[in-house]
Amino acid sequence: MPKPELPKSYNPAEYESGIYAMWEKNNAFSPAGDKSKEPFSVIMPPPNANGSLHAGHAMYVVDDIATRYNRMLGRPTLWLPGVDHAGIETQVVFERELAKQDKTRFDLGKDEFYKQALQFTTDNKHTVLEQMRSLGFSADWQKLKFTLDQDIIEIVYDTFKKLNDDGLIYRGNRIVNWCPHCHSGFADIEIKYRTQIDPLYYIKYGPFVLATVRPETKFGDTAIAVHPKDERYQDYIGQEIESEGLLGKFKLKVIADDFVDPEFGTGVVKVTPAHDPNDWEMGLRHNLEVKQVIGTDGRLTAIAGKYSGMSVDEARTQVAQDLEQAGLIDHINMNYEHSIGYHDRCGTQIEPLVIEQWWLKVDKLKKLAIDAIDKNEVVFYPARFKSQALNWLEGLRDWNISRQNWFGIAIPVYYNATGDKSKPEYIIGEEKDAIEVYGKAGYEKETDTFDTWFSSSQWPFATLQSTGDFDQYYPTSLMATMRDILYLWVTRMIMLGIYKTGEVPFKTVYLWGSVNDAEGKKMSKSKGNVLDPLELTQEFGTDALRLALVIGITPGTGGSLSQEKVQGYRNFCNKLWNVARYTLSKTESISDISEILLENPADHWMSSKLNTAITKITQSIERYNYSSAGQSAYSLLWDDLADQYIEYSKTSTNPTMLAYSLDTVLRLLHPFAPFVTEAIWQQLPWRDTILISEQWPNVYLEPDGTQAKKFEKEIISILAEKQSNIDETKIVKLKKEIATKQNFESIILKKLNNDNFVANAPKEVVDQQKDLLKSTQKEIAELKDELAKTAQH
RNA sequence: GGGCAAUUAGCUCAGCUGGCUAGAGCGUUUCCUUGACGUGGAAGAGGUCACAGGUUCGAGUCCUGUAUUGCCCACCA
């Protein structure tokens with residue numbers, strides 16, 4: 001009889017927190033293991049400290065599986081966790097908090113805002129940390145790092161200084177993606193484009209008509225461009241044209257540039273270098289003046305005369321209206337479709353602006369990364385991401401690493417304000433260094449902060465250096481993260497990692513796709529199909545969610561998650577639970593399973609199933625195919641152990657073998673379903689350890705193959721016996737089976753009668769087919785015998 | 001516009017270097033209230049593997065093309 005403390009069904013909520021506490025109490029997450037073995041390390045991609053875990057983060061189970069597996073292999077294993085201050089994201093969130101008190105960040109000022117936002121983040125981070133614990137993540141929480149930890153910042157500063165010393169840093173006026181809301185510039189990759197319909201105005205410019213969607217920028221025009229080969233406008237190239245405008249007459253030079261598409265609009269373009277990336281490039285080529293019409297606040301500047309102070313939207317409407325009245329509009333296309341950049345984080349429309357920024361020269365860095373990836377010092381799973389990473393790196397241009405948002409790591413630069421030109425223009429260092437160089441009042445502190453990706457690209461070595469684990473654990477073994485940030489983060493970590501340490505930051509990259517809904521559609525709030533992983537764990541248990549996230553999901557492509565799926569794995573956990581209940585009822589007196597006698601064909605069969613599963617699951621995990629590993633374990637427990645071996649053991653039991661089978665299955669499943677397996681492990685009379693620290697199973701039983709095969713046949717006869725009271729269906733069934741076998745026989749015969757096949761196919765294949773034919777024919781004969789016997793009754 | 005991926009049972013997906021009588025889970029049909037589990041058991045139905053060509057003794061698997069879907073990158077005055 002099962003012990004009273006094991007109820008009929010597994011209730012995860014009753015066990016999970018207790019088990020997690022037990023692991024922590026036993027220090028099970030701290031690196032241990034055999035020092036002579038190769039260490040295994042993973043750095044957690046730090047989730048937003050202010051956020052809440054979503055299905056994407058739940059995919060960190062991949063890290064956890066890898067960690068638990070390697071820990072069980074006895075390797076010194078470190079999973080180093082962290083949380084991210086998520087610069088601009090947090091700034092947006094915290095500003096919303098301030099708005100509730102009718103305040104803006106300007107009320108607080110930069111320093112106070114930083115302080116409060118930091119406090120806000122520190123106060124919030126426990127939520128996400130608890131959530132990760134509840135998912136069973138076995139990270140070494142004692143080593144938790146935060147992206148704004150002082151020691152991390154020091155390392156980032158050190159890298160910046162080294163880059164500067166190596167001549168890879170410069171300051172430059174460039175056109176950037178300016179977010180008027182965040183009040184900061186952003187990298188191209190942080191901008192998302194949406195197509196939308198806007199009016200396309202055809203405006204009269206002297207002798208020309210040209211098309212624009214942005215009439216409000218016309219005050220910043222410093223040229224007019226046509227295609228060099230456009231016959232219509234040859235005479236104008238190089239000339240100045242004069243035109244009537246809203247602010248009086250103006251003159252513009254006509255330039256010829258390949259950028260202009262003669263097919264578009266009228267083939268004439270106004271050039272506004274200050275507010276359009278392409279115009280900026282043209283401006284550089286033709287040495288054009290840059291006139292800023294839009295300020296960093298998203299409003300028109302003094303250049304715009306009576307329109308100054310208006311927001312871009314207001315100005316556009318007003319200018320269009322005034323142009324219309326002045327008869328300067330030829331016509332308007334109201335259905336013009338184009339795409340517009342929005343800031344990914346806050347959803348504000350991007351305003352290209354020219355701003356002085358800090359730039360990182362990437363040519364040398366990207367070469368380092370490209371070489372390493374080429375030589376497979378970093379291996380990608382799935383492999384196709386290798387070429388994607390290479391392509392991206394090859395096309396990479398200098399990186400704008402400065403941001404104007406307030407919640408970030410301050411760029412450690414002090415400018416010369418002494419007026420003394422013999423002193424350097426700026427220094428990198430601390431305030432005391434500035435005082436030393438420029439004197440007490442002779443410096444000005446840089447107000448920009450670093451792009452968060454600049455600091456997080458140093459995360460692997462920065463974290464390990466700050467915990468003192470660098471020597472043992474760098475380069476790390478695995479970087480598992482979502483494929484969306486392949487360019488944003490992964491490639492940049494490779495660049496900066498090699499640059500700073502001489503070695504790649506990780507040897508393997510494993511990328512997963514987005515977690516989709518039951519229909520394979522992307523989860524989104526607007527569709528209302530978002531599944532909260534934590535709700536799912538509450539309803540079905542953490543292990544169920546973990547299995548659902550891993551099984552049936554292919555690396556690199558998105559997988560789908562649904563309540564039904566998680567429920568299915570809840571059922572699986574319950575199955576395991578009941579296999580344990582049954583096993584425990586038969587093994588109460590067992591205190592040792594080190595010696596196992598294979599007594600009957602069933603034992604041989606089961607042990608051979610276990611052996612194959614151990615090999616297969618190990619292999620699959622080594623190849624990062626967690627889906628296949630999980631599926632094998634699933635089938636081992638359900639199809640082999642529960643449905644066959646246990647069913648058989650009801651007629652004849654070998655308790656030690658039964659115990660060993662459960663013991664092995666628990667180990668194999670532990671990385672995937674840590675809680676149930678540990679809960680059961682704690683009940684085993686022959687164990688007094690904790691499963692998380694146990695060894696990964698090895699093949700060591702030596703079953704006899706013919707005995708095992710014999711069992712396969714016995715199952716059939718046992719089942720047949722059980723159903724012998726329904727003879728009629730049995731006859732029908734036998735007949736059907738004979739028919740399918742005969743069908744199969746004819747398929748093989750056809751092949752073997754094909755001379756081409758016999759002549760050209762490899763010998764093994766032909767022999768295999770011959771064997772198959774023989775065994776099929778034998779089976780048919782046996783079935784016919786049985787049919788005859790059954791029919792007699 | 002460039003690239004990548006996908007297209008296999010009603011749904012979500014496996015199927016590695018060609019040998020498959022094409023699998024799993026969910027759903028579905030019929031039966032089973034026996035002491036591990038009804039979050040269960042037994043049996044079953046369900047697929048010309050998107051389409052068209054090609055290579056091969058042999059193609060779900062390789063090649064070419066077409067169609068559809070998804071993602072990424074670039075450009076859009």
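Remember, it's a predicted structure, so these values are computed and weren't measured experimentally. Note on naming: letters A, B, ... go to the chains in the order of the sequence lines (proteins, then strands), and numbering restarts at 1 for each one.
- In this structure, A:Ala761 reaches the bases: a heavy-atom distance under 4.0 Å links it to at least one base atom across the strands shown.
- Heavy atoms of A:Asp261 sit under 4.0 angstrom from at least one base atom.
- What separates CG of A:Leu637 from C1' of B:rA24 is a distance of 16 Å, to the nearest Å.
- Side-chain atoms of A:Trp638 lie closest to B:rG40 of the nucleotides B:rC37, B:rC57, B:rG40.
- With hydrogens and angles ignored, no donor-acceptor pair closer than 3.5 Å exists between the side chain of A:Lys565 and the base of B:rC26.
- In RNA chain B, stems built from 3 or more consecutive Watson-Crick or G-U wobble pairs, each with both distances under 3.5 Å, span B:1-7 with B:67-73, B:10-13 with B:23-26, B:28-32 with B:40-44, B:50-54 with B:62-66.
- Taking atom P in both B:rG27 and B:rU68, the straight-line distance is 35 Å, to the nearest Å.
- Taking the ring centroids of A:Tyr634 and A:Phe672, they lie at or beyond the 6.0 Å cut-off.
- The cationic group of A:Lys270 does not satisfy the cation-pi geometry with A:Phe208, failing either the under 6.0 Å distance to the six-membered ring centre or the 45° limit from the ring axis.
- A:Lys218 comes within contact range of no nucleotide atom at all, as no heavy-atom separation falls under 4.0 Å.
- Below the 3.5 angstrom threshold, one finds no donor paired with an acceptor across the side chain of A:Gln388 and the base of B:rA5.
- Checking B:rA36, B:rG41, B:rA77 against every side-chain atom of A:Glu647, the shortest atom distance belongs to B:rA36.
- When the nucleotides B:rA77, B:rA5, B:rG41 are ranked by their closest atom to the side chain of A:Arg384, B:rA5 comes out on top.
- Counting atom types as modelled, A:Lys650 pairs a side-chain N or O with a base atom of B:rA36 as donor and acceptor under 3.5 Å.
- Side-chain proximity of A:Tyr634 to B:rG25, B:rG19, B:rC37: nearest is B:rG25.
- The side chain of A:Ser9 has B:rU39 as its nearest neighbour among B:rG41, B:rU39, B:rG19.
- Counting any heavy atom pair closer than 4.0 Å across all strands shown, A:Ile646 reaches a base atom.
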